[in-house]
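A quick write-up on the structure given underneath.
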Number of protein chains: 2
Amino acid sequence: MPRPSVEAERREQILSAACEVVSELGFKSLRIADVARRAGTSSGTVHYYFDTKTALMRAAFEWNFARSLDRRRDLLQEHADPRQRLRAFVDSYLPGDPETVRAWHVWAELWVEALHDRDLQELNEQVYGEWRRLMASIVRDGQDAGLFRDEDPVVVANALIGMIDGLALQVLLGSRSMTLERMRAVCEQVLSSLTVGSSA
Amino acid sequence: MPRPSVEAERREQILSAACEVVSELGFKSLRIADVARRAGTSSGTVHYYFDTKTALMRAAFEWNFARSLDRRRDLLQEHADPRQRLRAFVDSYLPGDPETVRAWHVWAELWVEALHDRDLQELNEQVYGEWRRLMASIVRDGQDAGLFRDEDPVVVANALIGMIDGLALQVLLGSRSMTLERMRAVCEQVLSSLTVGSSA
DNA sequence: TTGATAACTGACGGGTCCGTCAACCATCGG
DNA sequence: CCGATGGTTGACGGACCCGTCAGTTATCAA
């Protein structure tokens with residue numbers, strides 16, 4: 001057995017680079033050579049770890065998802081109050097810091113790519129399912145504590161997630177009528193209308 | 001002056017074909033030759049009307065938008081009651097019939113393309129502005145009639161549009177947990193929570 | 001009929017880029 | 001020191017496709 005395996009970290013480097021390039025150039029314009037350069041290696045090495053461009057992108061999408069979850073795992077433990085937990089959770093999805101923006105970009109590329117790719121649709125299904133599960137469970141906690149209105153938590157979660165997706169997209173597009181701050185305001189408004197005894 | 005101008009209708013044919021191909025294959029995989037074949041003409045003719053692929057796509061996006069507006073223009077006159085008007089408007093965006101689905105596909109491709117293209121961002125800004133203006137004005141009508149809660153109409157419109165965008169995307173992705181019917185249910189729920197005196 | 005122009009065609013040049021491959025390097029066990 | 005194996009490299013073949021262009025057809029005015 002020669003040379004201690006560097007496979008894990010090299011894969012990581014390449015996937016991270018791939019996400020960066022996708023975020024900057026888009027899937028359509030991504031070249032293997034770009035990813036290689038960004039990862040500080042050669043195109044041959046990229047192909048050594050990922051047979052095809054498709055395989056690379058699929059792995060990059062999965063990696064992007066895994067990291068998104070990781071970044072939020074602790075967050076859910078930090079707040080005992082479901083209202084604050086929900087707020088913090090939603091807040092973590094606002095496309096503010098560069099890392100979150102990058103993740104959103106990759107995410108958006110996945111969506112459009114998945115429109116014509118069954119495998120990626122399956123991946124989206126898992127991701128979306130996980131996200132919805134987390135959101136619905138927070139809502140349920142809040143309702144059990146008598147803090148949120150008594151609507152179907154799954155419906156509420158779907159509505160919130162859909163809204164966040166749609167708004168984030170507009171923010172990412174640099175819309176002047178939907179800036180980060182305005183998105184934050186809309187979310188605040190909607191969240192506070194979820195809590196009991198606040199019809200205005 | 002030779003041969004009566006066929007420019008207008010030929011452009012229309014090509015743009016329509018372009019939207020169909022984009023919807024089926026995605027922007028990334030769209031070939032000029034595909035559009036030509038779909039339009040029943042040659043690649044040379046496509047280039048006769050549109051200098052570059054980029055110009056073709058930009059025009060196709062604009063055309064898609066114009067048609068979307070046309071399809072809904074009458075709809076807003078049909079219902080005197082703002083509640084029904086809002087419901088019909090939202091309903092017209094549900095990705096049910098093939099034409100609406102196709103329009104959504106094109107729309108989604110525009111989004112992702114626009115992430116890296118200032119010109120397309122500007123186009124998105126116009127479209128989104130128009131949509132938001134329509135939606136907000138319905139909400140305002142409803143509030144004036146004392147039918148809707150007294151929240152900022154623009155915030156409500158943004159929230160609704162964001163939600164519709166996000167949900168439609170999941171439906172288009174063939175999500176098992178976000179089907180057309182479930183999207184319809186979520187929209188119903190949210191819309192009815194807008195009307196006064198309905199906290200459940 | 002003839003010339004002019006709009007509309008159209010499809011072959012092809014040229015650029016791009018994926019994936020392959022032959023060669024190379026580094027590190028280990030024996 | 002040697003062979004084996006994991007890891008790496010970059011050149012290149014070949015496929016793909018945009019945009020050009022020389023040539024063709026259709027329609028009109030004179």
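Remember, it's a predicted structure, so these values are computed and weren't measured experimentally. Numbered from 1 within each chain, the chains take letters A, B, ... in sequence-line order.
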**Message:** Rounded to whole Å, please give me the gap between CZ in Arg37(A) and P in dG10(D).
**Reply:** 12 Å
**Message:** Does dT9(D) have OP1 or OP2 under 4.0 Å away from a side-chain N or O of Ser42(A)?
**Reply:** yes
**Message:** I need the CG-P distance between Leu25(A) and dC17(C), as an integer number of Å.
**Reply:** 11 Å
**Message:** Rounded to whole Å, how long is the line connecting atom CG of Leu56(A) with atom C1' of dG19(C)?
**Reply:** 13 Å
**Request:** With the side chain of Lys53(A) defined as its heavy atoms from C-beta on, choose the nearest nucleotide among dG19(C), dT9(C), dT20(D).
**Result:** dG19(C)
**Message:** What I want to find out is whether Glu62(A) reaches Arg58(A) closely enough, with some N-O distance under 4.0 Å, to be called a salt bridge.
**Reply:** yes
**Whole angstrom value for the distance that separates C1' of dT16(C) from CD1 of Ile32(A)** = 14 Å
**Message:** Over all strands shown, is Tyr49(A) touching base, sugar-phosphate only, or nothing at heavy-atom distances under 4.0 angstrom?
**Reply:** sugar-phosphate
**Message:** Any side-chain N or O of Ser43(B) below 4.0 angstrom from OP1/OP2 of dT9(C)?
**Reply:** no
**Item:** Thr45(B) side-chain N/O to dA7(C) phosphate OP1/OP2 under 4.0 Å
**Value:** no
**Fill in**
Quick note, Arg10(B) side chain, CB onward, closest among dC8(C), dC18(D), dT20(C) is dC8(C)
**Fill in**
To the nearest angstrom, the CZ-P distance between Phe50(A) and dC17(C) comes to 21 Å
**Prompt:** Going by heavy atoms in the side chains, are Ser137(B) and Met135(B) under 4.5 Å from each other?
**Reply:** no
**Item:** Arg67(A) and Asp70(A) ion-paired at < 4.0 Å
**Value:** no
**Request:** Give a yes/no on whether any side-chain N or O of Tyr48(B) is located under 4.0 angstrom from OP1 or OP2 of dC8(C).
**Result:** no
**Request:** Give the nucleotide from the list dC17(C), dC18(D), dG7(D) with an atom nearest to the side chain of Arg31(A).
**Result:** dC17(C)
**Item:** Rounded distance in Å - CD1 (Ile14(A)) to P (dG7(D))
**Value:** 11 Å
**Prompt:** Once you round to the nearest 0.5 Å, how far does CG of Leu169(B) lie from CG of Asn124(A)?
**Reply:** 8.0 Å
**Asked** When the distance from NE2 of His47(A) to P of dA11(D) is rounded to whole Å, what number comes out?
**Response** 16 Å
**Prompt:** Looking for any heavy atom pair under 4.0 Å, which part of the strands does Leu30(B) touch: base, sugar-phosphate only, or nothing?
**Reply:** sugar-phosphate
**Asked** Hey, are Arg72(B) and Glu130(B) close enough for a salt bridge, meaning a charged N less than 4.0 Å from a carboxylate O?
**Response** no
**Message:** How many whole angstroms separate atom CD of Glu9(A) from atom C1' of dG7(D)?
**Reply:** 12 Å
